[in-house]
Protein chains: 2
Amino acid sequence: MTGHPLLVTLNEVRQSLSIKDVARIANVSHSTVSRALRDSPLVNPETAARIKKIALESSYRASAVARSLATSKTHTLGVVVATVADPFIAEVISGIEAAARQRGYSVFLANSDGVADRETSVVESFEERRVEGILVLASRVGSSYRTLLEKTSIPIVLINNYKFGDCAYSVDIDNVPASREATRHLIGLGHRRIAYLGDRFGFNSDTERFSGYRQELAAADIAFRPEFVVHGDGTPPGGEAAVQQLMQLPGRPTAVFCYDDMTALGALRGIRAAGLRVPEDVSVVGFDDLLIASYVEPALTTIRQPKEHMGTLATEMILNLLSGEKGEANVKVAGELIVRKSACPPAVP
Amino acid sequence: MTGHPLLVTLNEVRQSLSIKDVARIANVSHSTVSRALRDSPLVNPETAARIKKIALESSYRASAVARSLATSKTHTLGVVVATVADPFIAEVISGIEAAARQRGYSVFLANSDGVADRETSVVESFEERRVEGILVLASRVGSSYRTLLEKTSIPIVLINNYKFGDCAYSVDIDNVPASREATRHLIGLGHRRIAYLGDRFGFNSDTERFSGYRQELAAADIAFRPEFVVHGDGTPPGGEAAVQQLMQLPGRPTAVFCYDDMTALGALRGIRAAGLRVPEDVSVVGFDDLLIASYVEPALTTIRQPKEHMGTLATEMILNLLSGEKGEANVKVAGELIVRKSACPPAVP
DNA sequence: CTGAAAGCGCTTACAG
DNA sequence: CTGAAAGCGCTTACAG
C-alpha cells in the first residue's frame with residue numbers, strides 16, 4: 001500500500017499529527033481513535049487494527065502532555081542531585097532511571113550543585129511539571145529547605161541524604177554495621193592504632209560511620225584516641241590534607257579507615273607524600289566501592305554500597321506508594337566488605 | 001495577615017490549586033490571574049501584586065503541562081545516553097543540565113544501555129513527551145536506528161557519537177589533532193616503537209584517533225607497524241587483555257597510546273602483569289582525562305576533553321536553533337594534552 | 001461498538 | 001485594564 005494522499009500531505013507538513021488527523025483519515029471519531037490506541041475492548045477489533053495501522057504509518061505520536069492534562073497523571077519522576085558528575089550519584093541514577101523506565105515513567109534530572117536555593121527552585125519546577133514523585137540524592141543541603149520539602153504534597157524519597165529529624169521516606173546504606181565491619185577487618189589484621197578520617201562535621205553518614213568505628217574499637221577493648229580522628233571534605237585533596245596530620249603524630253596510626261573512597265584516594269597520596277607505603281606502613285580502607293577503587297594502586301579495600309540497587313529500591317518505593325501500596329518507609333541496605341590490597345597486617349603491631 | 005479562609009480550606013485538601021481557585025480568591029477572572037502571573041503589562045499593577053501575593057501564600061504552582069498544551073512549548077529537552085554510570089558521559093550531562101536549566105529548560109534523562117531497540121523507544125517516548133530537542137551522547141548504536149533519527153522532526157544533536165554519513169547537528173572532540181599531539185608527545189620523548197591500543201573496530205572516534213596516530217608517525221618518518229595496533233573495547237579489562245599481546249612481541253613497543261583512559265587503566269595493569277614498569281619500561285598515554293586519570297599510579301598523561309563544555313555547547317546549539325538562530329551545525333572542540341607521570345623517555349631508545 | 005460532549009488547566013486573541 | 005470565549009490534544013462518562 002502506498003501512502004494515503006491525506007497522510008502524505010500531512011507528513012510533508014512535518015507538524016505532528018493530532019488524534020483528529022488520524023480520526024479523519026480512518027473515518028471515525030477521535031474518541032474511537034483514542035480507544036483503539038489504548039487497546040480498549042470497547043472498539044471493534046478490525047477498526048482498531050485499521051486505526052493502528054494508520055497511526056503507525058503516519059508515525060503519529062500521541063501527545064503525552066495532552067494525556068497528562070486529561071488524566072492528571074504525568075508518569076514522570078524528578079531526581080535532584082548535587083551533581084551528576086559524581087560516580088556514586090551517577091550509579092544510583094542509573095538504577096533509578098532503569099526502574100522508572102521499566103514501569104513506564106520518565107525521569108527529569110536536575111543538578112543543585114549542593115546550593116540550597118537551587119535545590120528549592122528545582123523542586124518548585126518539578127512541582128510545576130507535576131512530577132508524581134521526587135528523589136533527592138546524597139544532598140548535603142541542610143535544614144534550610146526543610147519547610148519546602150515538608151510543604152510539597154508530592155512524595156519525596158531521600159537516598160543517603162542529610163536528614164533533619166524524621167523523614168517520611170528514605171533509603172540509606174546501613175552505616176553502623178558496615179563501618180564496624182571495616183574496622184573489625186583492620187583489627188582482625190592486627191591493627192590497634194586505627195584512625196578515622198571523616199567527612200566534614202554534622203552529616204549523618206559521617207556521624208554514623210564514626211559511631212560504628214568507635215563501637216568496634218570498644219568491642220575490641222581498644223582505647224579511643226581523639227587525636228586519631230581527623231576530617232576531610234569528601235574530596236581527594238581533603239583526604240590528602242587530613243591524613244598528613246595523622247602521619248605526623250608521634251606513634252602514628254598504622255591504619256586509617258576513610259569516610260569514603262574519594263577521601264581514601266587522597267589518603268593514599270598523602271601517605272605516600274609522607275614517605276610511607278600503603279599498605280606496608282599504613283593500611284587504608286575506604287567506603288563506597290567506586291569503580292576507581294579497584295584501579296588505584298594498591299587496589300582499595302572498601303565497603304561496597306549497592307548503588308544501582310539503592311536507586312531501584314527508592315524508585316520502586318515511590319512507585320508503589322503512587323499505586324497505593326504501603327511498604328517499608330525507611331529502608332536500610334547492607335554494605336559489603338570488599339577485600340583488596342590496601343590493607344594488610346601492620347609491620348609493627 | 002492570617003490565611004484567607006477559602007485558601008486554608010484549599011490547602012487542607014492538599015490538592016494542587018488551579019488558576020481558577022486563585023482567581024476566585026482574588027475576585028478576578030482567571031485570565032487576569034494568568035496575565036498577572038506572567039507579568040503581562042496588561043494588568044493593573046496593584047491587582048497584579050495582590051494576585052501574586054495570594055498565589056505565593058497559597059503556594060499555587062502553575063501547571064506546566066497545561067501551559068505546554070496551550071502554548072505548544074514544553075521547555076523540555078531529552079538526553080539519551082548509553083549509561084549515566086560512565087564518568088565521561090556524566091560530566092557531559094552535567095554541562096547539558098546546567099545550560100538547559102539556565103535557560104529555563106528541564107531535561108529528561110534516559111539510558112539506552114547501548115541497545116538500539118531501547119534507544120529507539122526512548123526517542124519515541126521523548127517524541128510523545130514533546131521534548132523540543134534531543135541530545136544523543138556517545139552512543140555506539142549503529143545505523144539501525146538511522147531512519148528513526150531521520151524521521152523525527154525534533155532537532156537532534158549528537159555528541160561524540162557514532163555517525164552514519166552526514167548528520168545535521170553534532171559536537172565532537174577534534175580527534176585527529178588531539179591524537180597527533182599525544183603521539184607527538186611520545187615521539188618528542190624519544191620513543192620510536194609506539195603502539196596504538198584502540199577501541200572495537202568501526203567507531204568514528206577510534207578511526208580518527210588511529211588516523212592521527214598514523215599521520216604523526218608518518219610526519220616523524222617512523223614506519224607504521226601493523227603488529228603495533230591492537231584493539232580493546234573501551235573497558236579496563238579490554239585494555240588489559242589487548243596490551244598483553246603487545247608486551248609479548250619481540251621488540252615490544254616502548255610506549256602505547258590508548259584510545260581512552262578506561263583502556264589505559266587496563267593497559268597499566270596489563271603492563272605490570274607482564275612484569276614491566278610504567279613509565280620506566282613502557283610509557284602510556286590516555287584520552288579523555290577522567291577524574292580517575294590523576295589518581296591512578298602513575299598519574300596518567302592524557303588528552304583532556306572539555307566534557308562539560310561540550311555539553312553546554314550542544315545544549316546552546318539546540319536552544320539557539322529553537323529560537324530561530326542558525327549557527328555552526330557541526331562543531332569540533334579541541335583536546336588538550338595533560339602531561340603527568342605515565343610517560344617518560346624510553347630506557348632503550 | 002461508536003460518537004458527541006464535557007473537561008483537564010492553562011494562554012491569548014477579541015470585545016469592551 | 002478586564003472578562004468571556006475559544007482552543008491546545010487528549011480521555012472518558014453518557015447516550016445511543
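In what follows, chains are A, B, ... by sequence order, proteins preceding strands, each numbered from 1. Computed from a predicted structure; not experimentally measured.
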- Item | Distance, rounded to the nearest Å, where B:L42 contributes CG and D:dA4 contributes P | 17 Å

- Select base, sugar-phosphate, or nothing to describe what B:S34 touches, counting heavy atoms under 4.0 Å on all strands. base

- Query: Which heavy atom in B:V84 sits nearest to a heavy atom in B:I89, and how many Å separate them?
  - Reply: CA-CG2, 4.5 Å

- Using a 3.5 Å limit on both pairing distances, list the dot-bracket string of DNA chain D from the 5' end; Watson-Crick and G-U wobble pairs count, crossing pairs take [ ], interstrand pairs take |. |||.||||||||.|||

- Check every atom of D:dA4, C:dC10, C:dG3 against the side chain of B:S29 and return the nucleotide holding the closest atom. D:dA4

- Item | Side-chain N or O of A:Y60 closer than 4.0 Å to phosphate OP1/OP2 of D:dG9 | no

- Message: In whole Å, I'd like the distance from the CZ atom of A:R24 to the C1' atom of C:dT2.
- Response: 18 Å

- Task: Using the C1' atom as the reference point in each nucleotide, state the distance between C:dT12 and C:dG16 in Å, no decimals.
- Result: 16 Å

- Distance in angstrom units between B:K20 NZ and C:dC10 C1', rounded: 10 Å

- Message: Base, sugar-phosphate or nothing for A:R38? Non-hydrogen atoms, less than 4.0 Å.
- Response: sugar-phosphate

- Message: Side chain of A:R130, heavy atoms from C-beta onward: which of D:dC1, D:dC10, C:dC10 has the nearest atom to it?
- Response: C:dC10

- Note on the structure: Testing D:dA6, D:dC1, D:dC10 for proximity to the side chain of B:N44, the answer is D:dC1

- Note on the structure: A:E127 atom CD is separated from C:dG9 atom C1', nearest whole Å, by 17 Å

- Item | Nearest-angstrom distance from the residue atom CZ of A:R129 to C1' of C:dG9 | 15 Å

- Name the one of A:I93, A:V80, A:I96 that satisfies side chain to side chain contact (heavy atoms under 4.5 Å, CB included) with A:L135? A:I96

- Item | Shortest non-hydrogen contact between A:E91 and B:A85, atoms and distance | CG-CB, 3.8 Å

- Message: Counting distance alone, no hydrogens or angles: does the base of C:dT11 have a donor or acceptor under 3.5 Å from a partner atom on the side chain of B:H30?
- Response: yes

- When you measure from every atom of DNA chain C, which of residues 62-75 of chain A have a heavy atom less than 4.0 Å away? A:L69, A:A70

- Where is the tightest heavy-atom contact between B:I19 and B:V33, given as atom of each residue plus distance? CG1-CG1, 3.5 Å

- Taking atom types as modelled and ignoring hydrogens, do the side chains of A:N320 and A:R103 form a donor-acceptor contact shorter than 3.5 angstrom? yes

- Message: Whole angstroms only, please: what is the CD1-C1' distance between B:I19 and C:dT11?
- Response: 8 Å

- Below 4.0 angstrom from OP1 or OP2 of C:dC1, is there any side-chain N or O of A:T32? no

- Task: May I ask you to decide whether A:E127 forms a salt bridge with B:R61, counting only side-chain N to carboxylate O separations under 4.0 Å?
- Result: yes

- Message: Name the residue from B:S68, B:S63, B:S106 that meets the side-chain hydrogen bond (donor to acceptor under 3.5 Å, both in side chains) definition with A:R129.
- Response: B:S106

- Query: Looking just at side-chain N and O atoms, do B:S29 and B:T32 make a donor-acceptor pair shorter than 3.5 Å?
  - Reply: yes

- Message: If I take atom CG in residue A:D39 and atom C1' in nucleotide C:dC1, what distance separates them, rounded to the nearest angstrom?
- Response: 16 Å

- Quick note, A:V28 side chain, CB onward, closest among D:dC10, D:dA5, C:dG3 is C:dG3

- A:E132 and A:T74: which non-hydrogen atoms are nearest, and at how many Å? OE2-N, 2.8 Å

- Message: In this structure, how many angstroms lie between the P atom of D:dG9 and the CG atom of A:D21, rounded?
- Response: 8 Å

- Nucleotide of D:dG9, D:dT12, D:dT2 approaching A:R35 most closely (side-chain heavy atoms): D:dT12

- Which atoms form the tightest heavy-atom contact between B:L37 and B:K52, and what is the distance? CD1-CG, 4.1 Å

